[in-house]
Amino acid sequence: MRAWVEIDTENLRHNIREIQKRAEGFGVWGVIKANAYGLGVLPVAKILAEEGIHYFAVASLEEAKEVRNANITGEILILGSLFHDEILEAESLDFHINVSCREELEWIAKNAPKTKIHLKIDTGMTRLGFSYQEGMEVIEFAKKLSLNITGVFSHFSDADGNSQEAKEYTQKQIERFLPYATREDIPYRHIFNSGALIQYTDQKIGNMVRAGICLYGILGSTPIPSFKNVVTLKTKVLFKKTVTEETYVSYGRLCKLEKGETYVTLPIGYADGVKKYLANGGKVEILGEACPIIGAICMDMMMVKIPENLVNKIEIGTEVSVFNNDIIRRNNISETCTWDMFTGLGRRVQRIYK
Ligand SMILES: *Cc1c(COP(=O)(O)O)cnc(C)c1O
(Lines give C-alpha, C1' and ligand atoms only; values in the text may rest on other atoms or scores of the structure.)
Protein backbone atom coordinates (compact mmCIF):
# COMPACT_ATOMS: atom_id res chain seq x y z
CA MET A 1 0.00 0.00 0.00
CA ARG A 2 1.35 3.40 -0.93
CA ALA A 3 -1.13 5.52 0.99
CA TRP A 4 -3.98 4.62 3.27
CA VAL A 5 -6.31 6.21 5.78
CA GLU A 6 -6.84 4.38 9.06
CA ILE A 7 -10.28 4.84 10.55
CA ASP A 8 -10.35 3.89 14.21
CA THR A 9 -13.85 2.53 14.67
CA GLU A 10 -13.54 2.13 18.45
CA ASN A 11 -12.71 5.82 18.74
CA LEU A 12 -15.57 6.64 16.38
CA ARG A 13 -17.93 4.78 18.70
CA HIS A 14 -16.48 6.68 21.66
CA ASN A 15 -17.13 9.98 19.88
CA ILE A 16 -20.69 8.99 18.99
CA ARG A 17 -21.32 8.39 22.70
CA GLU A 18 -19.78 11.77 23.55
CA ILE A 19 -22.12 13.37 21.03
CA GLN A 20 -25.11 11.54 22.48
CA LYS A 21 -24.17 12.87 25.94
CA ARG A 22 -24.04 16.43 24.68
CA ALA A 23 -27.25 15.95 22.73
CA GLU A 24 -29.15 14.41 25.62
CA GLY A 25 -32.88 14.75 25.09
CA PHE A 26 -32.35 15.59 21.41
CA GLY A 27 -32.45 13.37 18.35
CA VAL A 28 -29.19 13.13 16.39
CA TRP A 29 -28.90 13.27 12.62
CA GLY A 30 -25.60 11.62 11.68
CA VAL A 31 -24.35 13.71 8.77
CA ILE A 32 -22.80 11.27 6.30
CA LYS A 33 -22.83 13.32 3.10
CA ALA A 34 -19.92 13.18 0.67
CA ASN A 35 -19.23 9.51 1.41
CA ALA A 36 -19.19 10.27 5.16
CA TYR A 37 -16.68 13.03 4.65
CA GLY A 38 -14.56 10.79 2.46
CA LEU A 39 -14.27 8.03 5.04
CA GLY A 40 -16.80 5.58 3.62
CA VAL A 41 -20.53 6.11 3.95
CA LEU A 42 -21.62 2.53 4.52
CA PRO A 43 -19.13 1.55 7.24
CA VAL A 44 -19.78 4.85 9.05
CA ALA A 45 -23.57 4.57 8.71
CA LYS A 46 -23.47 1.01 9.98
CA ILE A 47 -21.53 2.05 13.10
CA LEU A 48 -23.90 4.97 13.71
CA ALA A 49 -26.86 2.60 13.49
CA GLU A 50 -25.21 0.12 15.86
CA GLU A 51 -24.72 2.96 18.34
CA GLY A 52 -28.40 3.85 18.18
CA ILE A 53 -28.46 6.62 15.60
CA HIS A 54 -31.23 6.10 13.08
CA TYR A 55 -31.40 9.51 11.43
CA PHE A 56 -29.04 10.16 8.54
CA ALA A 57 -28.41 13.37 6.63
CA VAL A 58 -26.88 13.39 3.16
CA ALA A 59 -26.41 15.99 0.45
CA SER A 60 -28.15 14.50 -2.57
CA LEU A 61 -30.71 11.98 -3.77
CA GLU A 62 -27.93 9.69 -5.01
CA GLU A 63 -26.35 9.63 -1.58
CA ALA A 64 -29.71 8.95 0.05
CA LYS A 65 -30.28 5.99 -2.27
CA GLU A 66 -26.85 4.58 -1.48
CA VAL A 67 -27.69 4.48 2.22
CA ARG A 68 -31.17 3.05 1.64
CA ASN A 69 -29.90 0.38 -0.76
CA ALA A 70 -27.46 -0.82 1.87
CA ASN A 71 -30.46 -1.77 4.02
CA ILE A 72 -29.60 0.65 6.77
CA THR A 73 -32.90 1.38 8.44
CA GLY A 74 -33.75 4.87 9.51
CA GLU A 75 -34.94 8.22 8.28
CA ILE A 76 -32.88 9.92 5.60
CA LEU A 77 -32.80 13.68 5.13
CA ILE A 78 -31.43 15.24 1.97
CA LEU A 79 -29.84 18.58 2.91
CA GLY A 80 -29.46 20.01 -0.58
CA SER A 81 -32.41 21.23 -2.65
CA LEU A 82 -33.70 18.88 -5.35
CA PHE A 83 -34.86 19.22 -8.93
CA HIS A 84 -38.40 18.16 -9.81
CA ASP A 85 -37.60 14.69 -11.14
CA GLU A 86 -35.60 14.04 -7.98
CA ILE A 87 -38.48 15.14 -5.74
CA LEU A 88 -40.76 12.56 -7.33
CA GLU A 89 -38.24 9.86 -6.58
CA ALA A 90 -37.64 11.17 -3.05
CA GLU A 91 -41.37 10.99 -2.36
CA SER A 92 -41.60 7.41 -3.55
CA LEU A 93 -38.57 6.40 -1.47
CA ASP A 94 -39.85 8.20 1.63
CA PHE A 95 -36.85 10.51 2.01
CA HIS A 96 -37.09 13.80 3.88
CA ILE A 97 -36.31 16.70 1.59
CA ASN A 98 -35.80 20.38 2.20
CA VAL A 99 -37.62 23.20 0.49
CA SER A 100 -36.57 26.83 0.25
CA CYS A 101 -39.16 28.51 -1.98
CA ARG A 102 -42.92 28.88 -2.35
CA GLU A 103 -43.14 27.82 -5.99
CA GLU A 104 -41.55 24.57 -4.97
CA LEU A 105 -44.16 24.07 -2.26
CA GLU A 106 -46.94 24.63 -4.81
CA TRP A 107 -45.33 22.21 -7.24
CA ILE A 108 -45.01 19.56 -4.53
CA ALA A 109 -48.65 20.03 -3.48
CA LYS A 110 -49.68 19.20 -7.06
CA ASN A 111 -47.14 16.53 -7.93
CA ALA A 112 -45.73 14.88 -4.83
CA PRO A 113 -48.03 15.76 -1.95
CA LYS A 114 -46.87 13.04 0.44
CA THR A 115 -43.22 14.15 0.41
CA LYS A 116 -41.77 14.68 3.87
CA ILE A 117 -40.76 18.32 3.83
CA HIS A 118 -38.33 20.17 6.06
CA LEU A 119 -38.71 23.89 5.53
CA LYS A 120 -35.33 25.50 5.44
CA ILE A 121 -35.04 28.84 7.21
CA ASP A 122 -32.20 31.20 6.38
CA THR A 123 -31.07 32.76 9.66
CA GLY A 124 -27.82 34.17 8.27
CA MET A 125 -25.99 31.47 6.30
CA THR A 126 -27.35 32.86 3.01
CA ARG A 127 -27.20 29.70 0.96
CA LEU A 128 -30.68 28.13 0.85
CA GLY A 129 -33.85 28.87 2.74
CA PHE A 130 -36.78 31.17 3.35
CA SER A 131 -35.72 34.28 5.19
CA TYR A 132 -36.33 34.01 8.93
CA GLN A 133 -38.72 36.97 8.69
CA GLU A 134 -41.07 35.23 6.26
CA GLY A 135 -40.74 31.64 7.52
CA MET A 136 -43.74 31.73 9.88
CA GLU A 137 -45.97 32.89 7.07
CA VAL A 138 -44.57 30.15 4.85
CA ILE A 139 -45.52 27.52 7.42
CA GLU A 140 -49.12 28.73 7.23
CA PHE A 141 -48.92 28.82 3.44
CA ALA A 142 -47.65 25.21 3.42
CA LYS A 143 -50.36 24.09 5.82
CA LYS A 144 -53.03 25.55 3.56
CA LEU A 145 -51.61 23.44 0.74
CA SER A 146 -52.01 20.37 3.00
CA LEU A 147 -48.33 19.58 2.67
CA ASN A 148 -46.55 17.09 4.87
CA ILE A 149 -44.46 19.54 6.91
CA THR A 150 -42.22 17.18 8.80
CA GLY A 151 -39.47 19.54 9.84
CA VAL A 152 -38.11 23.02 10.02
CA PHE A 153 -34.40 23.72 10.16
CA SER A 154 -31.62 26.23 9.66
CA HIS A 155 -27.84 26.24 9.49
CA PHE A 156 -25.10 28.17 11.33
CA SER A 157 -22.37 29.82 9.31
CA ASP A 158 -19.75 30.31 12.02
CA ALA A 159 -20.62 28.17 15.03
CA ASP A 160 -17.13 26.63 14.95
CA GLY A 161 -15.51 30.08 14.94
CA ASN A 162 -13.84 31.50 18.03
CA SER A 163 -13.82 35.23 17.40
CA GLN A 164 -16.13 37.62 19.23
CA GLU A 165 -17.86 38.34 15.91
CA ALA A 166 -18.45 34.63 15.32
CA LYS A 167 -20.01 34.32 18.76
CA GLU A 168 -22.28 37.31 18.24
CA TYR A 169 -23.38 36.10 14.81
CA THR A 170 -24.14 32.63 16.12
CA GLN A 171 -26.11 34.15 19.00
CA LYS A 172 -28.10 36.15 16.49
CA GLN A 173 -28.84 33.02 14.47
CA ILE A 174 -29.98 31.20 17.63
CA GLU A 175 -32.39 34.05 18.40
CA ARG A 176 -33.72 34.11 14.85
CA PHE A 177 -34.42 30.38 14.88
CA LEU A 178 -35.92 30.26 18.37
CA PRO A 179 -39.54 30.88 17.29
CA TYR A 180 -39.25 27.97 14.86
CA ALA A 181 -37.45 25.75 17.34
CA THR A 182 -40.46 25.96 19.66
CA ARG A 183 -43.12 25.07 17.03
CA GLU A 184 -44.29 21.82 18.54
CA ASP A 185 -46.75 21.25 15.72
CA ILE A 186 -43.72 20.43 13.53
CA PRO A 187 -42.08 17.11 14.43
CA TYR A 188 -38.40 17.79 13.63
CA ARG A 189 -36.73 21.13 14.49
CA HIS A 190 -32.98 21.54 14.17
CA ILE A 191 -30.20 24.05 13.70
CA PHE A 192 -27.29 22.74 15.80
CA ASN A 193 -24.31 21.42 13.82
CA SER A 194 -20.97 20.17 15.21
CA GLY A 195 -19.62 23.61 16.03
CA ALA A 196 -22.77 24.59 17.90
CA LEU A 197 -23.11 21.26 19.68
CA ILE A 198 -19.57 21.53 21.02
CA GLN A 199 -19.33 25.26 21.68
CA TYR A 200 -22.91 26.14 22.62
CA THR A 201 -24.00 22.85 24.20
CA ASP A 202 -26.16 24.46 26.87
CA GLN A 203 -27.99 26.67 24.41
CA LYS A 204 -29.43 23.88 22.29
CA ILE A 205 -32.82 24.64 20.78
CA GLY A 206 -35.31 22.57 18.80
CA ASN A 207 -35.38 18.82 19.33
CA MET A 208 -32.62 17.50 17.06
CA VAL A 209 -28.97 18.20 16.23
CA ARG A 210 -26.93 17.43 13.11
CA ALA A 211 -23.51 15.98 13.83
CA GLY A 212 -20.90 15.77 11.07
CA ILE A 213 -17.26 16.57 11.62
CA CYS A 214 -17.42 16.11 15.41
CA LEU A 215 -17.80 12.37 14.80
CA TYR A 216 -14.09 12.46 14.05
CA GLY A 217 -13.15 14.39 17.18
CA ILE A 218 -12.11 17.63 15.57
CA LEU A 219 -13.56 21.04 14.80
CA GLY A 220 -11.74 23.35 12.40
CA SER A 221 -8.18 22.56 13.34
CA THR A 222 -8.84 21.98 17.03
CA PRO A 223 -9.23 18.48 18.47
CA ILE A 224 -12.34 18.36 20.70
CA PRO A 225 -11.56 17.71 24.39
CA SER A 226 -12.67 14.24 25.57
CA PHE A 227 -13.20 13.10 21.97
CA LYS A 228 -10.70 10.75 20.31
CA ASN A 229 -8.82 10.68 17.04
CA VAL A 230 -10.52 8.63 14.32
CA VAL A 231 -8.73 9.50 11.09
CA THR A 232 -5.01 9.04 10.32
CA LEU A 233 -3.64 9.42 6.81
CA LYS A 234 -0.52 7.32 6.35
CA THR A 235 2.10 6.51 3.77
CA LYS A 236 5.61 5.02 3.62
CA VAL A 237 9.01 6.40 2.67
CA LEU A 238 9.61 5.70 -1.01
CA PHE A 239 13.07 7.19 -1.50
CA LYS A 240 15.79 8.83 0.61
CA LYS A 241 18.70 11.00 -0.43
CA THR A 242 21.40 13.22 1.04
CA VAL A 243 22.13 16.00 -1.44
CA THR A 244 25.74 16.61 -2.45
CA GLU A 245 25.29 20.26 -3.35
CA GLU A 246 22.86 23.11 -2.81
CA THR A 247 19.71 22.38 -4.84
CA TYR A 248 16.07 23.38 -5.28
CA VAL A 249 13.29 20.94 -4.43
CA SER A 250 10.17 20.14 -6.49
CA TYR A 251 8.21 22.19 -9.03
CA GLY A 252 8.65 25.92 -9.08
CA ARG A 253 11.91 25.94 -7.09
CA LEU A 254 10.09 27.09 -3.95
CA CYS A 255 12.52 25.60 -1.46
CA LYS A 256 16.24 24.97 -1.24
CA LEU A 257 18.31 22.23 0.42
CA GLU A 258 21.94 22.83 1.44
CA LYS A 259 24.77 20.42 0.71
CA GLY A 260 24.64 17.49 3.12
CA GLU A 261 20.94 17.79 3.99
CA THR A 262 18.68 14.74 3.66
CA TYR A 263 15.16 14.46 2.29
CA VAL A 264 12.70 11.65 1.64
CA THR A 265 10.10 11.35 -1.09
CA LEU A 266 6.64 10.04 -0.13
CA PRO A 267 4.27 8.33 -2.62
CA ILE A 268 1.33 10.60 -1.86
CA GLY A 269 0.36 13.95 -3.31
CA TYR A 270 -2.45 16.38 -3.87
CA ALA A 271 -4.40 13.86 -5.95
CA ASP A 272 -4.57 11.78 -2.78
CA GLY A 273 -5.80 14.69 -0.71
CA VAL A 274 -2.66 16.32 0.63
CA LYS A 275 -3.46 20.01 0.38
CA LYS A 276 -0.98 22.11 -1.59
CA TYR A 277 -1.01 24.82 1.06
CA LEU A 278 0.67 22.40 3.48
CA ALA A 279 3.93 23.05 1.65
CA ASN A 280 3.82 26.38 3.42
CA GLY A 281 5.07 25.23 6.79
CA GLY A 282 3.20 21.95 7.15
CA LYS A 283 4.82 18.97 8.82
CA VAL A 284 4.31 15.21 8.72
CA GLU A 285 5.25 12.80 11.49
CA ILE A 286 7.98 10.17 11.10
CA LEU A 287 9.09 7.97 14.04
CA GLY A 288 7.25 10.34 16.35
CA GLU A 289 8.96 13.49 15.09
CA ALA A 290 7.55 16.38 13.12
CA CYS A 291 9.39 16.72 9.79
CA PRO A 292 8.82 19.70 7.48
CA ILE A 293 7.27 19.30 4.05
CA ILE A 294 9.63 20.94 1.54
CA GLY A 295 8.86 22.28 -1.91
CA ALA A 296 5.57 22.17 -3.77
CA ILE A 297 3.41 19.10 -3.19
CA CYS A 298 3.16 17.20 -6.49
CA MET A 299 0.16 15.26 -7.79
CA ASP A 300 1.52 11.88 -6.71
CA MET A 301 4.53 12.61 -4.50
CA MET A 302 5.86 15.02 -1.93
CA MET A 303 9.20 15.67 -0.28
CA VAL A 304 10.05 15.97 3.41
CA LYS A 305 13.24 17.20 5.04
CA ILE A 306 14.77 14.79 7.54
CA PRO A 307 16.33 16.11 10.75
CA GLU A 308 19.94 15.03 11.43
CA ASN A 309 19.02 12.65 14.26
CA LEU A 310 16.60 10.64 12.10
CA VAL A 311 18.75 10.29 8.98
CA ASN A 312 20.06 6.85 9.89
CA LYS A 313 16.82 5.60 11.42
CA ILE A 314 14.60 6.20 8.40
CA GLU A 315 14.65 3.66 5.61
CA ILE A 316 12.60 2.81 2.57
CA GLY A 317 9.23 1.66 3.89
CA THR A 318 9.34 3.60 7.18
CA GLU A 319 5.77 4.58 8.05
CA VAL A 320 4.75 8.25 7.89
CA SER A 321 1.66 9.94 9.35
CA VAL A 322 0.56 12.71 7.03
CA PHE A 323 -2.30 13.88 9.20
CA ASN A 324 -4.32 13.05 12.28
CA ASN A 325 -6.02 15.43 14.69
CA ASP A 326 -2.79 16.32 16.53
CA ILE A 327 -0.85 16.89 13.33
CA ILE A 328 -3.68 19.07 12.01
CA ARG A 329 -3.59 21.14 15.18
CA ARG A 330 0.18 21.49 15.01
CA ASN A 331 0.10 22.50 11.37
CA ASN A 332 -2.71 25.00 12.02
CA ILE A 333 -2.10 26.81 8.76
CA SER A 334 -4.69 29.50 8.07
CA GLU A 335 -6.28 27.53 5.22
CA THR A 336 -6.60 24.42 7.39
CA CYS A 337 -10.09 23.05 7.11
CA THR A 338 -10.70 19.51 8.27
CA TRP A 339 -13.89 19.11 6.24
CA ASP A 340 -11.88 19.91 3.13
CA MET A 341 -9.00 17.59 4.09
CA PHE A 342 -11.21 14.57 4.84
CA THR A 343 -13.52 14.95 1.86
CA GLY A 344 -10.50 15.56 -0.37
CA LEU A 345 -9.02 12.11 0.27
CA GLY A 346 -8.43 10.62 -3.14
CA ARG A 347 -9.61 7.38 -4.64
CA ARG A 348 -6.13 5.87 -4.48
CA VAL A 349 -6.09 6.12 -0.69
CA GLN A 350 -7.28 2.84 0.78
CA ARG A 351 -9.75 3.06 3.65
CA ILE A 352 -8.73 0.73 6.48
CA TYR A 353 -11.17 0.22 9.37
CA LYS A 354 -9.53 -0.79 12.62
C1 LIG B 1 -22.68 19.60 6.28
C2 LIG B 1 -23.82 20.05 7.05
C3 LIG B 1 -23.93 19.76 8.41
C4 LIG B 1 -22.84 19.09 9.20
O5 LIG B 1 -21.89 20.05 9.58
P6 LIG B 1 -20.72 19.72 10.60
O7 LIG B 1 -20.11 21.05 10.85
O8 LIG B 1 -19.78 18.80 9.90
O9 LIG B 1 -21.34 19.12 11.79
C10 LIG B 1 -25.08 20.14 9.07
N11 LIG B 1 -26.07 20.78 8.42
C12 LIG B 1 -25.99 21.10 7.11
C13 LIG B 1 -27.11 21.82 6.47
C14 LIG B 1 -24.86 20.76 6.39
O15 LIG B 1 -24.78 21.10 5.11
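Indexing begins at 1, ligand by ligand and atom by atom, following the structure's order.
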Seminar exercise, completed: By ring-ring contact (aromatic ring centres under 6.0 Å, His included), His54 pairs with (sequence neighbours left out) none

Seminar exercise, completed: ring pair (Phe, Tyr, Trp, His ring centres under 6.0 Å) pairs touching residues 257-288, sequence neighbours excluded, are none

Problem set entry | Name of the residue among Asn325, Leu12, Ile218 meeting side chain to side chain contact (heavy atoms under 4.5 Å, CB included) with Val230 | Leu12

Do any nitrogen or oxygen atoms of ligand 1 lie under 3.5 Å from a protein nitrogen or oxygen, and which ones?
residue: ligand 1; atom: 7 (O); partner: Trp339; partner atom: NE1; Å: 3.4
residue: ligand 1; atom: 8 (O); partner: Tyr37; partner atom: OH; Å: 2.5
residue: ligand 1; atom: 8 (O); partner: Ile213; partner atom: N; Å: 2.8
residue: ligand 1; atom: 8 (O); partner: Trp339; partner atom: NE1; Å: 2.9
residue: ligand 1; atom: 9 (O); partner: Ser194; partner atom: N; Å: 3.0
residue: ligand 1; atom: 9 (O); partner: Ser194; partner atom: OG; Å: 2.5
residue: ligand 1; atom: 9 (O); partner: Gly212; partner atom: N; Å: 3.0
residue: ligand 1; atom: 11 (N); partner: His155; partner atom: ND1; Å: 3.4
residue: ligand 1; atom: 11 (N); partner: Arg210; partner atom: NE; Å: 2.8
residue: ligand 1; atom: 11 (N); partner: Arg210; partner atom: NH2; Å: 3.3
residue: ligand 1; atom: 15 (O); partner: Lys33; partner atom: NZ; Å: 2.6
residue: ligand 1; atom: 15 (O); partner: Arg127; partner atom: NH2; Å: 3.3

Problem set entry | Pair Glu140 + Lys144: basic N to acidic O under 4.0 Å | no

Seminar exercise, completed: For Tyr180, the ring-ring contact (aromatic ring centres under 6.0 Å, His included) test, sequence neighbours excluded, returns Phe177

Exercise. Just by distance, do the side chain of Lys240 and the backbone of Ile314 share a donor-acceptor pair under 3.5 Å?
Worked result: yes

